[in-house]
2 protein chains.
Amino acid sequence: MTIEGRMASIHEPRMHSMCGHDPQEAEMFRSILSRIGDKWSVMLVGMLHEGPLRFTELKQMTSGISAKMLAHTLRQLERDGLVEREIFAEIPPRVVYRSTPLGKSLAVPIMAVAEWASAHQAEIAGNRDRYDAVPDSGA
Amino acid sequence: MTIEGRMASIHEPRMHSMCGHDPQEAEMFRSILSRIGDKWSVMLVGMLHEGPLRFTELKQMTSGISAKMLAHTLRQLERDGLVEREIFAEIPPRVVYRSTPLGKSLAVPIMAVAEWASAHQAEIAGNRDRYDAVPDSGA
DNA sequence: CGGTATCCCAGCTGATACTG
DNA sequence: CAGTATCAGCTGGGATACCG
């Protein structure tokens, strides 16, 4: 093994070592990634990272989401321990969602990915257009 | 606004400002996130970040993936400009996939998320078990 | 080896209507 | 306000068979 190889193995995380172990761990790993990547989770974690919000506020900020999916996604995030739900016994009812410490810790790498997506969306849109326009690269 | 609040607004990215602008940009943003979060993309980007691999190697390393989904996911990543495909006109055929600079740039935040997932999988598994076991938090 | 074509089902998602 | 219930459509993704 080269010096560079050894240094890489010390400093850089390796994807293979994260998901290759046993099938159960790999499934857990993937289930977390797919939770992160589903249609609304990232956006909701990002929203709640900035402060607690109620159901309707989240619905208004997250344009396009239906009440059903908002409730469903929040239940998933709550199940994973990423958000907390607080119900106020009032009329009209008030429910506030807030990020847990675990949720906040996820928000850090999440926001890095979101920043990447934001920074490269024009480039990716261009790549997609070029790919879709050309039947194959050589012709 | 507090000092902390002002510093946060300068230094921290805000999710709302990334996806709230116009619907088209928001859709692009979400399409990138869902690409990142789909069942296999993250794993493949991670694998290829460590070096070029051929189709069969990827298939073997990424346990559980079908040929169909491997091909499909690689096409998507190629379309986005995240991976490159090189075909060698040999018998038997050989096709090598490698990460592009754009793909490598994505690998950085991707690996951070993957590390987070790896580090917290036990905690999340525990949270899920507890959530599933208890009908409601008070009872 | 490195795919594609086809079939098929589970589950995600939206729309609508209803409730405490 | 903050949901749930139900129906229905679409898509993701696996199994299998086949091709260059």
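Computation of the quantities below employed the complete heavy-atom set of this structure, encompassing side-chain atoms and omitting hydrogens, waters and symmetry-equivalent molecules. Every chain is numbered from 1 and lettered A, B, ... according to where its sequence line falls, protein lines coming before strand lines.
An OP1 or OP2 oxygen of D/dA2 is reached within less than 4.0 angstrom by no side-chain nitrogen or oxygen of A/R94. Distances shorter than 4.0 Å separate none of the side-chain N or O atoms of B/S66 from OP1 or OP2 on D/dG13.
Under the salt bridge (charged side-chain N to carboxylate O under 4.0 Å, His left out) criterion, the residue pairs touching residues 90-107 of chain A are A/E86-A/R98, A/E90-A/R94, with sequence neighbours excluded. Pairs of residues two or more places apart, or lying in two chains, never qualify as side-chain hydrogen bond (donor to acceptor under 3.5 Å, both in side chains) while including a residue from residues 47-61 of chain A.
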Which pairs would a plain distance check flag for residues 39-47 of chain A, meaning a side-chain donor or acceptor within less than 3.5 Å of a matching protein atom at least two apart in sequence or in another chain?
from: A/S41; atom 1: OG; to: A/R35; atom 2: O; distance (Å): 3.0
from: A/S41; atom 1: OG; to: A/R35; atom 2: NH1; distance (Å): 3.1
from: A/S41; atom 1: OG; to: A/D38; atom 2: OD1; distance (Å): 2.7
from: A/S41; atom 1: OG; to: A/D38; atom 2: OD2; distance (Å): 3.1

Anything under 3.5 Å between a donor and an acceptor, one on a side chain of residues 77-84 of chain A, the other on a protein residue two or more places apart or in another chain? List them.
from: A/R79; atom 1: NH1; to: B/D132; atom 2: OD1; distance (Å): 2.9
from: A/R79; atom 1: NH1; to: B/D132; atom 2: OD2; distance (Å): 2.5
from: A/D80; atom 1: OD1; to: B/R128; atom 2: NH1; distance (Å): 2.7
from: A/D80; atom 1: OD2; to: B/R128; atom 2: NH1; distance (Å): 3.1

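Here the P atom of nucleotide D/dG3 and the CG atom of A/L53 are 13 Å apart, to the nearest Å. If you take CG of B/L70 and P of D/dG13, they are 13 Å apart, rounded to a whole angstrom. Atom-to-atom, CE of A/M69 to C1' of D/dA8 comes out at 16 Å; the value is rounded to the nearest Å.
Of the residues in residues 72-92 of chain A, not one places a heavy atom less than 4.0 Å from an atom of DNA chain C. A heavy atom closer than 4.0 Å to some atom of DNA chain D occurs in B/K39, these being the qualifying members of residues 31-39 of chain B.
Across the helix from C/dC1-D/dG20 to C/dG20-D/dC1, the helix axis at one end is tilted relative to the axis at the other end by 50° (nearest 10 degrees, each axis from five pairs).
Nucleotides of DNA chain C lying under 4.0 Å from heavy atoms of chain B occupy a range whose first and last members, 5' to 3', are C/dC1 to C/dC7.
With side-chain heavy atoms closer than 4.5 Å counting as contact, directly or through intermediates, A/I91 stands alone and belongs to no larger hydrophobic cluster. Other members of the hydrophobic cluster containing B/V96, listed by chain and number, are B/F88; membership follows side-chain contacts under 4.5 Å among ILVMFWY residues, whether direct or relayed.
Checked against side chain to side chain donor-acceptor pair (under 3.5 Å), B/S34 has no partners two or more places apart in sequence or in another chain. Every residue two or more places apart in sequence or in another chain was checked for a side chain to side chain donor-acceptor pair (under 3.5 Å) with B/E115, and none qualifies.
Expressed to the nearest 0.5 Å, how far CG of B/L58 lies from OH of B/Y97 amounts to 8.0 Å.
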